[in-house]
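Below is one structure; the comments refer to it alone.
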Amino acid sequence: MTLSSYYFVMRLIKPSKKYEESWLEGLKEFEAEQRSGFWNVPDKPDSIDEYIQRCNDHSKGENLPEYWVPATTYWLIDTDEFIGHVNIRHTLNSQLTKIGGHIGYAIRPSKREVGYGTKILELALPKARKIGLQNALITCDSLNIASQKIIKKHRGKLQDTYEKENGESVCRYWISL
Ligand SMILES: CC(C)(COP(=O)(O)OP(=O)(O)OC[C@H]1O[C@@H](n2cnc3c(N)ncnc32)[C@H](O)[C@@H]1OP(=O)(O)O)[C@@H](O)C(=O)NCCC(=O)NCCS
C-alpha cells in the first residue's frame, strides 16, 4: 500500500455519510485494538447521523458534556477512503493541559506506517491556525515513538514529560502555528 501520489485526493473533511462504509471498517479496526474510534463523543453514537450531529454541535461548542471544550473533528480521506481522524480542541482545560493537548489524531491500523500519520498532522496544523490557535500543545505517550517522530517532523518542541498516576509518562510538545 502506498500513499496517494496526488495531493488533491488526500484531504481533511468534516465527517460525512459519503464515506460511511470505509469509516465503519475503520471503526472495527480501532475497536479490535481496544480504541473507541471516536474523538469527542462520550459514548458510542447509534448511527453516523447522530455522530455527525454531535461533531457539528461540539465544533460550535453546543451540547458539550460537562468539562468538555469545543473541538472540531476531521477525517483524513485518501481518494474515496476513510484513513484516520483528527480532533482539534479550540482551547485547553486542566486535563487537556496534562494529557490530550489541542490536537489528537489516529490512523486506522490497516493504513499505518506508510506516512498517513505524518500527513494528517501536516493537514491539521493550518486548520488549528484557522480556528485561532497560535501554538498547539500535542501530547503523546513516552513509548509512542511513531507519534513523537511525527510531532518532531512538524517542529514540535518538547516542553516536559508529565508523570501519570499509573507510572506511565506523557511527552508534551508545542508546535508554533
Ligand atoms: C501514531 C500513529 C498516528 C502513526 O501513524 P502512521 O501512519 O503509522 O505514521 P507514519 O507512517 O507517518 O510514520 C511516522 C514515523 O513513525 C514511524 N513508525 C510508524 N509506526 C511505528 C511503530 N509502530 N514503531 C516505531 N516507529 C513507527 C514510521 O516509520 C515513521 O518514521 P520516519 O519518520 O522515520 O519515516 C498511529 O500509529 C496511530 O494512529 N496510533 C494510535 C493513536 C495514536 O497513538 N495517536 C497519536 C497520539 S495523539
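Note that ligands are numbered from 1 as they come in the structure, with each ligand's atoms numbered from 1 the same way.
- Residue Ile103 has no nitrogen or oxygen atom sitting less than 3.5 Å from a nitrogen or oxygen atom of ligand 1, judged on distance alone.
- Of all atoms in ligand 1, listed by their number and element, those nearer than 4.0 Å to a heavy atom of Arg35 are 41 (C), 42 (C).
- The main-chain N or O of Thr73 is never found under 3.5 Å from a side-chain atom of His58 such that the two would form a donor-acceptor pair.
- The N/O atoms of Glu33, backbone and side chain alike, include none that comes under 3.5 Å of an N/O atom in ligand 1.
- A side-chain donor-acceptor contact under 3.5 Å links Arg112 to the backbone of Ile107.
- Partners of Phe30 by ring pair (Phe, Tyr, Trp, His ring centres under 6.0 Å), not counting sequence neighbours, listed by chain and number: His85.
- Residue Lys149 touches ligand 1 through its side chain alone, judged by heavy-atom distances below 4.0 Å.
- Residue Val114 has at least one N or O atom closer than 3.5 Å to an N or O atom of ligand 1.
- Residue Glu113 places at least one N or O, backbone or side chain, under 3.5 Å from an N or O of ligand 1.
- In the model, Tyr116 has a side-chain atom that pairs as donor or acceptor with a side-chain atom of Asp78 under 3.5 Å.
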Mind listing the side-chain donor-acceptor pairs of residues 127-140 below 3.5 Å, one per line with the distance, residues two or more places apart or on another chain?
unit_1	atom_1	unit_2	atom_2	d
Arg129	NH1	Leu177	O	2.9
Thr139	OG1	Gly100	N	2.8

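- Distances from atom 44 (O) of ligand 1 to the heavy atoms of Asn144, Ile83, Thr118 show the closest one on Asn144.
- For the side chain to side chain donor-acceptor pair (under 3.5 Å) criterion with Arg89, the lone passing option out of Thr91, Asn87, Asn93 is Asn87.
- Contacts with ligand 1 closer than 4.0 Å are made by side-chain heavy atoms of Ile150 only, the backbone lying farther away.
- For ligand 1, the polar-atom distance check against Lys111 finds no nitrogen or oxygen pair separated by under 3.5 Å.
- Proximity to Ala106 (heavy-atom distance under 4.0 Å) selects the following atoms of ligand 1: 39 (O), 42 (C).
- Within the listing of ligand 1, atoms 10 (P), 11 (O), 12 (O) sit less than 4.0 angstrom from a heavy atom of Gly115.
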